Amino acid sequence: AVFVAPGQVWHAAPGQAAAASCEDFASWCQAHRGSAARVLVSGHLTHSIAVAADLPMRNTDETMAYARTQFVHYYGLPAQQWPLAAWCDGAQRGAAALHGLDLPQLASEARAHEVRLLAVLPWWSVALRAAARHIPAWPAHQGRAAFLLIEERLATWLLLDQDVLLSMRQRRLAAPSTSAIESLLADWQRTDQVDSSAVVVAGFGVQLDPPSVRLGGVRVVGLLD
C-alpha cells in the first residue's frame, strides 16, 4: 500500500516498524521497480459525496452523472475534468473525485518503472473498512455511528446509519490539537445526533495532550501522532 499525499508518499511494508517516505510517486516507483501497488489517496487530493438513498438513481452511470453535477456546483468548472469513481451497493451510493492528483501521469510513472497499479482508492474508504473489520460491535446494525478520520489539519467525518454511509463532510482543523478535535467532535455529534460511544477516531498528525486523552469518550484507534 502506497499512501499519496501532497508533497509526500508513504509506504509501509510488512515487518517495518515505521513507514518510509519519499517526495513523490515517481521516486517511489523508481525505488520499487517491478512491484505492485495499491495507491491510497490523501483526503487533501480527493472530494467524495454520499448520495441520499431516496434519490431515484438506478445505476452507476446515473450516480456518476449526479456526482459530477454536485462537484461542478460546489467547486466550479475544473470539476468537469476530475476523474470519478462511483460505488453502488443497494441503498449505499456515492462517488469520489480526484482533484489534486493527475491520474494519467500516475499511471505513466507506474508503467515507466514496471509498477503494476492494483487500485487507486480514497484513503477514507480503506480506513473505514479496516475500522469496521477490527472494532468489535462497530458500527451497530441499529442506530447511528460516525468515523472521524484525521490527517493533520484535515478532518473527514463519515456518518453511518444502520451500516449505511449516510453523509460525508470535510473541514480544516484550527490546529492539529486535542482541543480542536474535541470542538469539532462536539459540533458534528450535536448536528448529526451521534452518541460518543458510537464514534471512532483514527488518523495521524495530531499530538494528543495528554497522550492518554479520551476525546470525550469516543474510541481512538491507534496513535494519532
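Note that this is a predicted model, so its numbers are computed, not measured. Computation of the quantities below employed the complete heavy-atom set of this structure, encompassing side-chain atoms and omitting hydrogens, waters and symmetry-equivalent molecules. For reference, positions follow the sequence shown, starting with 1.
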**Q.** Non-hydrogen side-chain atoms of Val201 and Val221 separated by less than 4.5 Å
**A.** no
Q.
Would the distance check show the side chain of Thr69 and the main-chain N or O of Ala65 forming a donor-acceptor pair, the cut-off being under 3.5 Å?
A. yes
Q) Taking atom CG of Leu159 and atom CH2 of Trp157, what is their separation to the nearest 0.5 Å? A) 7.0 Å
(Q) Looking at every heavy atom in both Ala131 and Phe147, which two are closest together, and how far apart are they? (A) CB-CE1, 3.9 Å
Scan the side chains in residues 95-110 for donor-acceptor partners under 3.5 Å anywhere in the protein, sequence neighbours excluded, and list what turns up.
| residue | atom | partner | partner atom | Å |
| --- | --- | --- | --- | --- |
| His99 | NE2 | His44 | O | 3.3 |
| His99 | NE2 | Thr46 | N | 3.4 |
| Asp102 | OD1 | Gln105 | N | 3.0 |
| Gln105 | NE2 | Glu109 | OE2 | 3.0 |

Q) Is the Trp10-Phe204 ring centre distance short of 6.0 angstrom? A) no
Q) With the 4.5 Å side-chain cut-off for hydrophobic clustering, are Val120 and Val115 part of the same group? A) yes
Q | Whether Glu151 side chain and Gly205 backbone form a donor-acceptor pair below 3.5 Å | A | no
Q. Between the side chain of Thr63 and the main-chain N/O of Asn59, is any donor-acceptor distance below 3.5 Å?
A. yes
(Q) If hydrophobic clusters are built by linking Ile, Leu, Val, Met, Phe, Trp and Tyr wherever their side-chain heavy atoms come under 4.5 Å apart, do Leu45 and Tyr74 end up in the same one? (A) no
Q: Assess whether side chain to side chain contact (heavy atoms under 4.5 Å, CB included) is satisfied between Trp138 and Val200, documenting all intermediate values.
A: CA-CA 9 Å; Trp138 185 91; Val200 166; 3.6 Å; yes
Q) Between CD of Gln30 and SG of Cys22, what distance do you get to the nearest 0.5 Å? A) 10.0 Å
Q. Closest approach of Val206 and Pro176, non-hydrogen atoms and distance?
A. CG1-O, 3.6 Å
Q) Side-chain contact, heavy-atom cut-off 4.5 Å: Gln92 with Trp87? A) yes
(Q) Test salt bridge (Lys or Arg N to Asp or Glu O under 4.0 Å) on Asp187 and Arg171; report intermediate values, then the result. (A) CA-CA 12 Å; Asp187 184 15; Arg171 189 186 296 178; 3.0 Å; yes
Q. Does Arg144 reach the side chain of Leu160, with side-chain heavy atoms less than 4.5 Å apart?
A. no
(Q) Show the nearest heavy-atom pair for residues Leu224 and Gly203, with the distance to one decimal. (A) CD2-N, 3.4 Å
Name the atoms and distances for all side-chain donor-acceptor pairs under 3.5 Å in residues 33-40, with sequence neighbours left out.
| residue | atom | partner | partner atom | Å |
| --- | --- | --- | --- | --- |
| Ser35 | OG | His32 | O | 2.6 |

Q.
Please tell me whether Ile181 and Val194 are part of a single hydrophobic cluster in this structure, the criterion being side-chain heavy atoms less than 4.5 Å apart.
A. yes
Q. Heavy atoms, side chains only, cut-off 4.5 Å: are Leu84 and Phe71 in contact?
A. yes
(Q) Rounded at 0.5 Å granularity, tell me how far CG in Leu158 sits from CH2 in Trp188. (A) 9.5 Å
(Q) Has Ser183 got a side-chain atom pairing as donor or acceptor with Ala180's backbone, closer than 3.5 angstrom? (A) no
Q. Which pair of non-hydrogen atoms, one from Ala86 and one from Met64, has the smallest distance, and what is that distance?
A. CB-SD, 3.5 Å
Q | Nearest-0.5 Å distance that lies between atom OG in Ser48 and atom CE in Met168 | A | 4.0 Å
Q: Verify side chain to side chain contact (heavy atoms under 4.5 Å, CB included) between His11 and Ser21, making sure each step is shown before the conclusion.
A: CA-CA 6 Å; His11 167 228; Ser21 68; over 6 Å; no
Q.
Taking the basic N atoms (NZ, or NE/NH1/NH2) and the acidic carboxylate oxygens, is any pair closer than 4.0 Å for Asp192 and Arg169?
A. yes
Q) With side chains defined as the heavy atoms from C-beta onward, is the minimum distance between Arg219 and Ile135 less than 4.5 Å? A) yes
(Q) Measuring only between side-chain heavy atoms, which start at C-beta, is Leu185 closer than 4.5 Å to Leu148? (A) yes
Q. Are any non-hydrogen side-chain atoms of Arg93 and Met57 less than 4.5 angstrom apart?
A. yes
Q.
Between Ile49 and Tyr66, is there a side-chain heavy-atom distance shorter than 4.5 Å?
A. yes
(Q) Is there a ring pair (Phe, Tyr, Trp, His ring centres under 6.0 Å) between Tyr75 and Trp82? Walk through the geometry before answering. (A) CA-CA 11 Å; Tyr75 302 109; Trp82 292 346; 5.6 Å; yes
(Q) Once rounded to the nearest 0.5 Å, what's the spacing between atom CG of Leu165 and atom CH2 of Trp124? (A) 5.5 Å
Q) Under 6.0 Å from the CD atom of Gln162, do we count more than 12 heavy atoms belonging to anything else shown? A) yes
Q. What are the two closest non-hydrogen atoms of His141 and Asp163, and how far apart are they?
A. ND1-OD2, 2.7 Å
Q | Same cluster (ILVMFWY, side-chain, under 4.5 Å), Phe25 and Trp123 | A | no
Q: Might you point out which heavy atoms bring Ala155 and Leu184 nearest each other, and give the distance in Å?
A: CB-CD2, 3.4 Å
Q) If you group Ile, Leu, Val, Met, Phe, Trp and Tyr by side-chain heavy-atom gaps below 4.5 Å, do Val220 and Val199 land in one group? A) yes
